[in-house]
**Q** 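What follows is a structure written as structure tokens; I'll ask about it next.
Every value quoted in this text rests on a predicted model; they were computed, and no experiment measured them. Just the heavy atoms: all of them, side chains too, but no hydrogens, waters or symmetry mates, feed the values below.
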Amino acid sequence: DVCSSDLKKYYARSEVAANIGKQGEDDFEDIVNKFLTSEYKLKNVSKYGKCGDFILTWNSHKTNCNYKILIELKNYRNTVPSKEIDKFYRDLQINQVDGGLLLSLNSKIVGVNKILEFRDVLLNNRKTSVIFINSNTPELITEVIKFMFHIIEIKDQNDGSVNHHDNLITHINSLSDIVQSITMCRDSLQISKQTIEESLNNMIFQLMTCEYNLAHKIKQIQSTLQKPIQVDEIQKPD
């Protein structure tokens with residue numbers, strides 16, 4: 001019946017979404033394990049509920065404190081909606097963490113116009129540092145994570161405040177313009193690489209075609225030279 005058909009479609013979509021989400025989690029864990037040192041301890045908490053997807057812990061040698069950031073991972077095909085940002089803030093408020101990172105691997109985040117955006121959000125009567133990032137580049141993701149922990153460390157060293165705080169946020173967010181330029185250059189380079197590879201493949205194909213035609217023509221010439229001359233083809237002297 002119609003109801004049963006709708007349920008099947010719903011569960012099929014849910015299963016696809018779950019698989020995509022699981023793949024995103026696996027990809028992120030691979031990035032952390034490959035590009036971050038053992039000082040960073042990653043815990044997958046996606047199954048617990050209201051904890052984000054990961055908790056990442058790092059120990060500061062300067063303050064001798066363990067800092068934690070909550071990481072919310074999105075692997076959407078379409079723009080990450082505002083309800084997911086609200087959920088991200090809710091999870092930050094519930095959990096005892098020092099900062100948060102919302103990472104969208106493949107799509108834009110509503111209300112975030114740049115690849116990288118830093119914000120200070122008032123949660124539980126204290127400002128919590130959060131970063132929104134739209135990228136699947138491992139090097140960029142891990143550098144942002146390191147940067148996030150150092151911002152938390154600096155704020156802790158200064159008793160929860162940073163001199164010229166507004167200027168600091170401005171400088172941090174200006175990094176997004178540089179990252180955007182790097183991304184555009186990388187995309188242009190990739191397109192150029194593909195174009196060059198296609199041109200090389202076409203040239204190789206044309207060269208192989210010419211070599212084949214040349215070999216075939218040589219065989220025809222050799223066959224003609226080896227062909228015996230018929231008697232009637234010999235011209236009689238006048």
**Q** Can you pull the side-chain hydrogen bond (donor to acceptor under 3.5 Å, both in side chains) pairs that have at least one residue in residues 198-221, sequence neighbours excluded?
**A**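 Those involving residues 198-221 are His216-Gln220, Lys217-Gln220.
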
**Q** Hey, what do you get for CG (Leu36) to CD (Glu143), rounding to the nearest 0.5 Å?
**A**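 Reported to 0.5 Å precision, the distance equals 8.5 Å.
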
**Q** Below 4.5 Å, heavy atoms only, C-beta onward: do Lys68 and Leu56 meet side chain to side chain?
**A**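 No, every pair of side-chain atoms sits at 4.5 Å or beyond.
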
**Q** Got a sec, which pairs hit side-chain hydrogen bond (donor to acceptor under 3.5 Å, both in side chains) with one end in residues 36-45, sequence neighbours left out?
**A**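 As it turns out, the side-chain hydrogen bond (donor to acceptor under 3.5 Å, both in side chains) pairs with a partner in residues 36-45, which skip direct neighbours, are Glu25-Asn44, Glu29-Asn44, Glu39-His61, Asn44-Ser46.
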
**Q** Go through Asn59 and Cys65 one step at a time and tell me if the side-chain contact (heavy atoms from CB on, under 4.5 Å) criterion holds.
**A** CA-CA 6 Å; Asn59 181 262; Cys65 291; 5.8 Å; no

**Q** Please answer: with hydrophobic residues joined when any side-chain heavy atoms are less than 4.5 Å apart, are Leu102 and Leu92 in the same cluster?
**A**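 Leu102 and Leu92: one cluster.
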
**Q** Would you compute the distance between atom OH of Tyr89 and atom OG1 of Thr128 and round it to the nearest 0.5 angstrom?
**A**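 Separation between the atoms: 10.5 Å.
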
**Q** Closer than 3.5 angstrom, by distance alone: can the side chain of Ser60 be matched with the main-chain N or O of Thr63 as a donor-acceptor pair?
**A**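 Yes.
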
**Q** Between CD1 of Ile145 and OG1 of Thr142, what distance do you get to the nearest 0.5 Å?
**A**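 One gets 6.5 Å once the value is rounded to the nearest 0.5 Å.
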
**Q** Answer yes if Leu140 and Phe149 sit in the same cluster of Ile, Leu, Val, Met, Phe, Trp and Tyr residues linked by side chain heavy atoms under 4.5 Å apart, and no otherwise.
**A**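 Yes: a chain of side-chain contacts under 4.5 Å links Leu140 to Phe149.
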
**Q** Do Lys114 and Leu116 make a side-chain contact, defined as non-hydrogen atoms from C-beta onward lying under 4.5 Å apart?
**A**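 No. Closest side-chain heavy atoms not under 4.5 Å.
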
**Q** With rounding to the nearest 0.5 Å, note down the distance linking CD in Glu72 to CD1 in Ile109.
**A**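 Taking CD in Glu72 and CD1 in Ile109, the distance rounds to 10.5 Å.
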
**Q** Among Ile141, Leu101, Val97, exactly one meets side chain to side chain contact (heavy atoms under 4.5 Å, CB included) together with Ile71. Which residue is that?
**A**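 With Ile71 as partner, side chain to side chain contact (heavy atoms under 4.5 Å, CB included) holds for just one option, Leu101.
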
**Q** To the closest 0.5 Å, what do you measure between NZ (Lys193) and CG (Leu200)?
**A**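 So the gap between those two atoms works out to 12.0 Å.
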
**Q** Would Lys74 and Ser107 count as having a side-chain donor-acceptor pair, cut-off 3.5 Å?
**A**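 Absent: no donor and acceptor within the cut-off.
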
**Q** Is it possible for you to say whether Leu70 and Phe132 belong to one hydrophobic cluster, with membership spreading through side-chain heavy-atom contacts below 4.5 Å?
**A**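 Per the 4.5 Å side-chain linkage, Leu70 and Phe132 are co-clustered.
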
**Q** Do Asn134 and Val112 pass the side-chain contact (heavy atoms from CB on, under 4.5 Å) test, and can you show the C-alpha distance, the side-chain angles, and the key distance before you say yes or no?
**A** CA-CA 9 Å; Asn134 170 23; Val112 179; over 6 Å; no

**Q** Would a single hydrophobic cluster contain both Leu103 and Ile55, if residues Ile, Leu, Val, Met, Phe, Trp and Tyr are joined by side-chain heavy-atom contacts under 4.5 Å?
**A**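 No, Ile55 and Leu103 fall in different hydrophobic clusters.
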
**Q** For Phe28, which residues count as a ring-ring contact (aromatic ring centres under 6.0 Å, His included) partner, sequence neighbours excluded?
**A**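 ring-ring contact (aromatic ring centres under 6.0 Å, His included) check on Phe28 returns Phe54.
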
**Q** With under 30° as parallel and over 60° as perpendicular, where do the rings of Trp58 and His150 fit, or are they tilted in between?
**A**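 It falls in the perpendicular class, over 60°.
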
**Q** Which pair of non-hydrogen atoms, one from Ile131 and one from Phe147, has the smallest distance, and what is that distance?
**A**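 Closest approach of Ile131 to Phe147: CD1-CD2, 4.4 Å.
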
**Q** At their closest point, which heavy atom of Leu122 faces which heavy atom of Lys127, and how far apart are they?
**A**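 For Leu122 versus Lys127, the nearest heavy atoms are CD1-N, 4.1 Å.
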
**Q** Can you name the closest pair of heavy atoms from Ser129 and Asp120 and give their distance?
**A**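 Scanning both residues completely, I find the closest heavy atoms to be OG-OD1, 3.2 Å.
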
**Q** Taking 4.0 angstrom as the limit, do Glu117 and Arg119 come out as a salt bridge?
**A**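 The answer is yes: the pair qualifies as a salt bridge.
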
**Q** Identify the two heavy atoms, one from Tyr67 and one from Asp98, that lie closest to each other, and give their separation to 0.1 Å.
**A**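 For Tyr67 versus Asp98, the nearest heavy atoms are CA-OD2, 3.2 Å.
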
**Q** According to a 4.5 Å side-chain heavy-atom criterion applied to Ile, Leu, Val, Met, Phe, Trp and Tyr, with indirect links allowed, do Val45 and Leu73 form part of one hydrophobic cluster?
**A**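 Different clusters.
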
**Q** Assess whether salt bridge (charged side-chain N to carboxylate O under 4.0 Å, His left out) is satisfied between Lys22 and Asp26, documenting all intermediate values.
**A** CA-CA 6 Å; Lys22 181 63 169 61; Asp26 291 343; 2.8 Å; yes

**Q** Can you tell me if NZ on Lys87 sees more than 12 non-hydrogen neighbours from other groups inside 6.0 Å?
**A**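 It does: Lys87 NZ has more than 12 such atoms within range.
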
**Q** Would you indicate whether the side-chain heavy atoms of Val80 and Val110 approach each other to under 4.5 Å?
**A**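 A side-chain contact under 4.5 Å is absent here.
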
**Q** Do Ile69 and Ile152 make a side-chain contact, defined as non-hydrogen atoms from C-beta onward lying under 4.5 Å apart?
**A**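 Result yes, sub-4.5 Å side-chain heavy-atom pair found.
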
**Q** Are any non-hydrogen side-chain atoms of Val32 and Asp30 less than 4.5 angstrom apart?
**A**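 Val32 does not reach Asp30 side chain to side chain.
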
**Q** To check you understand the geometry: which heavy-atom pair defines the closest contact between Ser135 and Ile115, and what is its length?
**A**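 Result for this residue pair: CB-CG2, 4.4 Å.
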
**Q** Enter the distance from Lys155:NZ to Arg126:CZ here, rounded to the nearest 0.5 Å.
**A**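 Output value for this atom pair is 8.0 Å.
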
**Q** So Ile133 and Ser104, side-chain contact (heavy atoms from CB on, under 4.5 Å) or not? Walk me through it.
**A** CA-CA 6 Å; Ile133 178 172; Ser104 177; over 6 Å; no

**Q** Check whether Asn106 reaches the backbone of Asn75 with its side chain - one donor and one acceptor, N or O, closer than 3.5 Å.
**A**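 Here the side-chain-to-backbone pair does not exist.
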
**Q** Distance-only, no hydrogens or angles: does the Thr79 side chain make a donor-acceptor pair with backbone N or O of Pro81 under 3.5 Å?
**A**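 The answer is no, because no donor-acceptor pair under 3.5 Å joins these two groups.
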
